[in-house]
Amino acid sequence: MDYKEKFKEAKSFKVEEEFFKKYWRVLKLARTPTRDEFSKIAIVAATGILLIGLVGFIIYEIMLVLPK
């Protein structure tokens, strides 16, 4: 298959209507979170970031002490 055939094949590609229907259904169900939901999600995310940072810092400090 040469370049011209591949180009024609790519131009004739059509996305099925069902593909868009699935995504449109999800978008219709989606909504913006309430202030309470957003604050809870933000607190959980911040706690996770701090926890991972703390674990990394502890590992860093242990690695500084071990070689001596």
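Count residues from 1 along the sequence.
Hydrophobic cluster membership for Leu51: none, as no Ile, Leu, Val, Met, Phe, Trp or Tyr side chain comes under 4.5 Å of it. With side-chain heavy atoms closer than 4.5 Å counting as contact, directly or through intermediates, the hydrophobic cluster containing Leu27 also holds Trp24.
Follow the hydrophobic side-chain contacts under 4.5 Å out from Tyr23 and you never reach Val26; the two are in separate clusters. Two different hydrophobic clusters hold Ile43 and Ile49 under the rule that ILVMFWY side chains link at heavy-atom gaps under 4.5 Å. Ile58 and Leu50 are assigned to two separate hydrophobic clusters, defined by single-linkage of ILVMFWY side chains at heavy-atom distances under 4.5 Å.
For residues 40-53, the salt bridge (charged side-chain N to carboxylate O under 4.0 Å, His left out) pairs, not counting sequence neighbours, are Asp36-Lys40. For residues 41-61, there are no salt bridge (charged side-chain N to carboxylate O under 4.0 Å, His left out) pairs, not counting sequence neighbours. Within the structure, the salt bridge (charged side-chain N to carboxylate O under 4.0 Å, His left out) test picks out the following pairs touching residues 23-35 (sequence neighbours left out): Arg31-Glu37.
Contact check for Ile59 versus Met63: side-chain heavy atoms found under the 4.5 Å cut-off.
Listed by chain and number, the residues in a ring-ring contact (aromatic ring centres under 6.0 Å, His included) with Phe57 amount to none (sequence neighbours excluded).
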